[in-house]
Structures are given as C-alpha cells and as structure tokens.
Amino acid sequence: MFVFYRIEDFILLEKLQLIKLIVERGFVIQLPQLRLGNFGFNKCRQLETLAEKGMIEIKEERSDVFCFVEKYNVIYRGAGRSLLALLYFCQTEKSIFIVDENETMIRGLAKEMNIQTCSLIEFYKDTLNDEKYLPFIIEIKKNGMIK
C-alpha cells in the first residue's frame, strides 16, 4: 500500500493514465479521509471519483489519530498537525510513504516513526518499471512543473 505526500504526484500519474495500470498490477494507493479537507471542492470530487472507480482507497483514520497528533505536535512543532496525521495513517496502515528525496525533514520524521519511504521515481520503477514515461516524469519533477 502506498500513500502520496504530494497529491499532485498522484494526479500526474492519473493524467498519464498510469494509475489504472498500477492498480491492475495489484498495488493499492490509499488516501486518508481527513486529508480531503486539505483540498478544494474540485480536487476532492476528482479524488472521490477515482475512489469510486477503484483507483484509490479513501480510508477513515483510526479514532486515536487526534491523540497521536496532539502528543507529537509538542515534540515536532514544525511538522504541523496535517503531516503528523498523515504519518500516523502511514504507520497504522503499514503503507509506504511516497515523498521526494529533497523533503529531508519529512523523510526524517518518517524514519523516526519506522515508516518506509520512497520517491515518486522509485515508486514508478517499483510498480510499472516502464521506460516509456520515466524520462518525462523525471523532467517534470526536476523542473518543478507540477505544483
């Protein structure tokens, strides 16, 4: 199971029509329900439609997520509540957290919480390993073209 830190990375793969292939190969992409609150109506609707099509699982968080966030917000003030809730979701679901290499603080927190991470490129190689789109995805990421 995989969870994207940057939903834009997921949407890029969806626009390239690669998510369907990833799901067909048996990989599961999850999104915590609370995370939908971070997005506008159109993006939420887009994600909900993809969930209806079986391309992503939108899951409820465990009831103790808020206790976890409050406890660790004292220790990791700079992380923010939303990131802490996302990390807890990854931890409890035993999901791999897809986050760029340059997000060192986030990767460090994930490591401290025993959450496995990988980059978008590593995810792509592990799931599809199709050279057709890889240079394109690398170029987009390198130039910061997806926001």
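This is a predicted model, so every value here is computed, not measured.
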Ile58 side, atom CD1; Glu52 side, atom CD - distance, nearest 0.5 Å: 8.5 Å

Sub-4.5 Å side-chain heavy-atom contact between Ser119 and Ile98: no

For Ile19 against Met55, the heavy-atom pair lying closest together: CG2-O, 3.6 Å

Intermediate values then yes/no, side-chain contact (heavy atoms from CB on, under 4.5 Å), Gln46 and Glu14: CA-CA 10 Å; Gln46 180 182 13; Glu14 192 274 326; 3.7 Å; yes

Enclosure of Gln17 CD (heavy-atom neighbours >12, cutoff 6.0 Å): no

Single-linkage hydrophobic cluster Val74~Leu84, side-chain heavy atoms < 4.5 angstrom: no

Verify same cluster id: Phe66, Leu109 (apolar side-chain graph, 4.5 Å): yes

hydrophobic_cluster_shared for Leu50 and Phe39, side chain cutoff 4.5 Å: yes

More than 12 heavy atoms from other groups under 6.0 Å of OH on Tyr72: no

Connected via hydrophobic side-chain network under 4.5 Å: Ile75 and Met113: yes

N-O pairing of Glu48 and Lys43 below 4.0 Å: no

From NZ (Lys94) to CD1 (Ile115), nearest 0.5 Å: 10.0 Å

Donor + acceptor pair across side chains of Tyr5, Asp100 (<3.5 Å): no

Where Ile96 and Cys118 come nearest, the two heavy atoms and their spacing: CG2-SG, 3.8 Å

NZ/NE/NH1/NH2 to OD/OE distance under 4.0 Å, Glu70 and Arg81: yes

Stepwise side-chain contact (heavy atoms from CB on, under 4.5 Å) test for Phe89 and Val65: CA-CA 8 Å; Phe89 181 83; Val65 65; over 6 Å; no

Atom pair CD/CZ of Glu103 and Arg6 - distance to nearest 0.5 Å: 7.5 Å

From Asp9 atom CG to Phe4 atom CZ, the distance as rounded to the nearest 0.5 Å: 6.5 Å

Pair Arg62-Tyr88, side-chain contact (heavy atoms from CB on, under 4.5 Å): steps then yes or no: CA-CA 9 Å; Arg62 292 175 32 157; Tyr88 186 63; 3.6 Å; yes

Pairwise side-chain contact, Leu12 with Leu18, heavy-atom cut-off 4.5 Å (strictly under): no

CG on Leu87 to CD1 on Ile106, rounded to 0.5 Å: 8.0 Å

Contact check, side chains of Ile22 and Tyr124, non-hydrogen atoms, under 4.5 Å: no

Flag for Thr117-Arg107: side-chain donor and acceptor within less than 3.5 Å: yes

Shared hydrophobic cluster for Ile56 and Leu21 (ILVMFWY, side-chain gaps under 4.5 Å): yes

Taking every non-hydrogen atom, the tightest pair across Lys59 and Glu93: NZ-OE1, 2.8 Å

Aromatic ring proximity, centroids under 6.0 angstrom, Phe27 and Phe123: no

Audit row: Leu47, Phe10, side-chain contact (heavy atoms from CB on, under 4.5 Å) steps and yes/no: CA-CA 10 Å; Leu47 293 167; Phe10 170 77; 3.8 Å; yes

Polar side-chain atom of Arg25 near backbone of Leu128 as donor-acceptor pair, under 3.5 Å: yes

Residue pair Phe97 / Cys90: nearest heavy atoms and the distance that separates them: CD1-SG, 3.5 Å

Spacing of OG1 belonging to Thr104 relative to NZ belonging to Lys111, to within rounding of 0.5 Å: 12.5 Å

